[in-house]
Every structure is written in C-alpha cells, then in structure tokens.
Amino acid sequence: MAALHPSAARLLGHKVMVRADAERARDQQVAVLSGGGSGHEPAHEGYIGVGMLSAAVVGEVFTSPSSDSVFAAIKAVSGEGGALLVVKNYTGDRLNFGLAAEMVRAEGISVEMIVVDDDVALKGTEQATGARGLAGTIFIHKLVGAAAAEGKSLADLAAMGRAAVESLATMGVSLSAGTSPAVGKLNFELGEHEMELGLGIHGERGVKRTQLQTADKLTETLLSQILKHGRFGDEKRVAVMVNNLGATTEMELAIVARHAMRFLESNGITVERMYAGTFLSSLDMAGISITVLGVNDEWLRWLDAVTTAPAWPNEMKQRPRQPQAQIAAELGRKASSPTGKGAQSEAGRITKQAIEAACKALLGAEGELTEMDRVTGDGDLGTSMERAAKAVQGAVGSYPLDDVPATIRAIGHTLRRELGGSSGPLYGVLFLRCGSVLEKSGAMGLTQWAGALDQGCRAISELGGAKPGDRTMLDALDPFVMALRKGVGGKASREVILAAVEAAERGVEATARMKARLGRSSYLGDRVLGYPDPGAKAVAVWLRAASEALFAR
C-alpha cells in the first residue's frame, strides 16, 4: 500500500499505515483511526488521507489487529485534539481497540470510540454480540473524517458519528463463498441455485440460505430488510452504497444501483447520493451489500468534501436522476420500426410461420450453441442468438408480413439493433441485402430466392471480409445457396429446399476441419480443429426450422 500510495506510510515495527504528513496533521485536527483484519481491501488503508483517516491498523487476514499496534497508531497520529476510533462491532476489534484506548488515556491522550453495527440481518435476534459492522463503516469514515478536517472537536465528532451509526443500515448477500488463504478452500458450499442472505465480511455463512433471485428481486429483498430495521429521519433523504464483496462486476453493481434507486423512491425515500464500487470486500467472495444512510444537508456536504484518500470516489456527486437519453432513444426506435397489420394473405401466413419456427429453434438451441462457443470462442453466441430470437418474436406482429421483401428487411433492422457484437451487423446486412434484391426482382420463385441469398452472402463478405472456407456462418449459407441454384428447375421446391438445408448442415460439419481466419476462434489456432463452428451451426438451425415450416400444414 505504501508503494502504491505515497500519501501514506508504514509505521515501522507495526502493521499500521499512517498519513505521510502525520506529524504536521496531528496538531491541526482530531485524529481519526480505524482498522481491522486484512482481506477487506481497499479498507482500511485505502481511506487514509486528508478528509478521512489519519491511520489504519491492520491485522492478519480476517483477524483483529493487536492492541499494541492500535496503541502505536494512536500515539503516532494524535495531538492535543485527541483521537476518534471507528471500530466495527466484532469482539476482537472492540477488545483490542478498547484496550488500546485505555492505555493511551492513561498517558493523557483524549480518546473516543464509535462502534459501528450497521448489519440489519441480526437486528432483533438473540445474538449476544449484537449486529456486525459492515460496509456502512466507510460512510462513517467519510463523515467524521471530513468534519475533523474542518476542525470539529472530539466530542462533536463522537456525537455526530454515533448519530450517523443510528441512521445507518446494511444488508449483504453472497453468491459464492470466499476462500481463506489460511485454509485454501471455500469456507462453505452453495448449490447451483442458492445464495446466502445476511452475511458478514469474513467469509462466514449468512443468517439464511435461500434460492437464487434475479438482480431486481434480490435488490428488493435486501432493501426491504433495510427499510424494516433502519431509521433514516423524518425527511427520508438517504445516501446509498452498493458494495462489491470481492468478485462482483461493475456491471452487476450498476444493475443493482439502478433498481435500488427506483425501489427506494417508490417507497417515498429521496436518494440524494448513489455510490457503487468496491468499498469493503471479503477477499474473493461473489456478492454485494447495500448500505443506506439517512442524511441532511451538513452530512451531504461532508460526503461531497474532497479527500486525498485513494479509495474514496472523488467525482462530483449530485442527486441521481432518471436518464433522459433513454426516453429519446425509445422514441427514435418506435419511429423507425416497421408497421404492419399482421398476415392477411397466404404468403404472409407462411412467412410468419417460418419466422416463428426459426426463432423457436434458436431458443431451443441456446444451450448447445453456448457450449460450442465456449469451446471455440467466448461463449456468448447462444445467449446472443436467444436475445435476437426473442426480439424478432416480439416484433413479428409489426412486420408487413404480406410484403415478404419488406419483412426480410425489417428482420435485418431488428437483428442489427438487438443481436449486437459482430453477428449483429453481419445478420443485418444479410437480410437487408436479401430483401432489397427480392424487391427489385419482382418475383418470389426459387431462382429469385437463390439470387437474393447469394447477394446476401456477398454482402457479408464485403462487410466482414470472410469467404467460404474461413470457418464462419458463410460455411453454412454458401452450401445452402449453391444447392438451391443446382436444384432450380429440377425437383419439387420442397425437395430442393430440404436438400439445400442438408448441404448447409454438411457445411457445418466441414468447419470442424477448418482453421479460423476471422473472429474469436482465430485466436485459438489449431485448438478449434475437431469442433464445428457455432456461428455456422446457428445458421443451419434456423434454416432447417424455417424451411420445414414453409411446408407445414
């Protein structure tokens, strides 16, 4: 930490980090100290700096620091103003910080201690030690640290800090156990669809094991408990912290933050500040905690005050607002969407039938496509095709189904918007080019379809640079087109089309012997040999389903 953050220094002989300017700062303000076991990074060392902590005392992983280290830290950073200790409600922390406080009081140093017990999971239980101190502790660091920097007295800081603790509530959930370095294995086992509710920060189990919930539902579960036990003032103005317990992504934190704001405001609570990130972790545990702090104007000012502590987000915060850009985007999408009255003709009915069959087949193949792409790519093709299929299913009623070329182009627009990645543009250009060629031809026979699909394949090559033999979707499409052209004028349409589908499926099998020149599979070199290309497989899936639906009665 000292190497990473020159604004802090290690106190020699102790597991203590202090402000690099501790000797100067000790006579200018009340010292604010905190600490605890390691494994909670960036807590607590990351909150050392002007406007937050004067020192952090560090223990072994998930183990309270010694009273000797706490004593040394207080002595190193305290001046005439005294010291305020911010301690999480764990027995070891209370004992060691409390003993050190008595030791320095005997030497004439004024000390106050705030015990943070923001965990609502244990509120109202028979737990003798009371509620645990969780990520809400970081809010206390910020408030008392900013107030200390303004010159507030020790008594004022202690009173304000204790009042803040009373307005603080946190609830956590774990989707996986953490791994303690001392043990070398998971602290507990969770089933595939299980989670632990109401846990602490030391890799321990929660107070309840339950079935996995969606992000929005889980957010409501946590916040319902917080609202049940928390006291946030008559004005119901709050700051919210969505905290990563170790292995949760920024995207997941943002999803939770979004719904937390909506849910709280639907319950008559004004969200004044919203924070999301890694504030107090539990090694590699996959999970989150949500903290709600009741605020007033003065506390908001202290939350917003700039600090040099590296782990606190210093960007200017304002009250969260619903994104206005989303409204404009939705309006624009509706304006550009095709409109239709459904299928009024036999051609429209068959077209709708084929589209729906293709979508259903892709939804059913999601697992297979995902596994194929996991082996040869990045594993997202199945879910991408599932998303695209659902989008087309939802939009098919708006397509001008009796106008087949226009419907083909409408599918292209849906796919280019919804499919995403590299597949979105490629599928989009395939259907857009195909629809345009069909419209110009003025006929809908096999000859015209073969020509339109051939032009669609050319469009894919022009846009993406791939050609048959490069192990892409073209290795299913191109055999299909060639077989259509070969069968035109010979056998019945049904036999020709289904023979073309079989040619596409043989093309998929052939990709297992091809080296990838483009796409993510190209990064794997010979390692993809023996495995068919999932993009080609997806094409074969919807081609067969749509073709068979053309002749279903």
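As a basis for the values below, the full set of heavy atoms in this structure was taken, side chains included, without hydrogen atoms, waters or symmetry mates.
- With no hydrogens or angles considered, no side-chain donor-acceptor pair links D380 and T383 at under 3.5 Å.
- Here the side chain of D119 pairs no donor or acceptor atom with the backbone of A131 at under 3.5 angstrom.
- Remark: the backbone N or O of G287 is paired with a side-chain donor or acceptor of T248 at under 3.5 angstrom.
- At least one side-chain heavy atom of K152 sits less than 4.5 Å from a side-chain heavy atom of W302.
- Salt bridge status for R387 with E418: absent, with no side-chain N to carboxylate O gap under 4.0 Å.
- Among all heavy-atom pairs drawn from R105 and E102, the shortest one is NH1-OE2, 2.8 Å.
- With salt bridges taken as basic N to acidic carboxylate O contacts below 4.0 Å, none links R262 and E220.
- In this structure, the side chain of S174 does not engage the main chain of E196 through any donor-acceptor pair within 3.5 Å.
- Listed by first and then second residue, the salt bridge (Lys or Arg N to Asp or Glu O under 4.0 Å) pairs involving residues 36-52 amount to none (not counting sequence neighbours).
- Checking V116, L293, L143, V86 one by one against V165, the side-chain contact (heavy atoms from CB on, under 4.5 Å) holds for a single residue, V116.
- If you check the side chains of H40 and S282, you find no donor sitting under 3.5 Å from an acceptor.
- Under the 3.5 Å distance criterion, the side-chain polar atoms of S67 are left unmatched by any main-chain donor or acceptor of L99.
- One side chain, R94 or N89, offers a donor N or O that lies under 3.5 Å from an acceptor on the other.
- Here E150 pairs with R301 in a salt bridge; the nearest charged N to carboxylate O distance falls below 4.0 Å.
- Residue A121 comes nearest to G198 through the heavy atom pair CB-CA, 3.5 Å, listed as atom of the first residue, atom of the second, then distance.
- Taking CD1 of I288 as the start and OG1 of T249 as the end, the distance is 10.5 Å to the nearest 0.5 Å.
- The nearest pair of heavy atoms linking L168 to T137 is CD2-N, 4.4 Å.
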Could you walk me through whether W312 and Y275 pass the ring-ring contact (aromatic ring centres under 6.0 Å, His included) check?
CA-CA 10 Å; W312 180 262; Y275 305 87; 5.1 Å; yes
Full working for salt bridge (charged side-chain N to carboxylate O under 4.0 Å, His left out) between R273 and D304:
CA-CA 9 Å; R273 299 290 184 273; D304 293 343; 2.6 Å; yes
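- With salt bridges taken as basic N to acidic carboxylate O contacts below 4.0 Å, one links R237 and D297.
- Screening residues 71-81 for salt bridge (Lys or Arg N to Asp or Glu O under 4.0 Å) gives K75-E107 as the qualifying pairs, with residues at least two apart or on separate chains.
- Scanning for side-chain contact (heavy atoms from CB on, under 4.5 Å) contacts around K217 gives Q213, T214, T221, with sequence neighbours left out.
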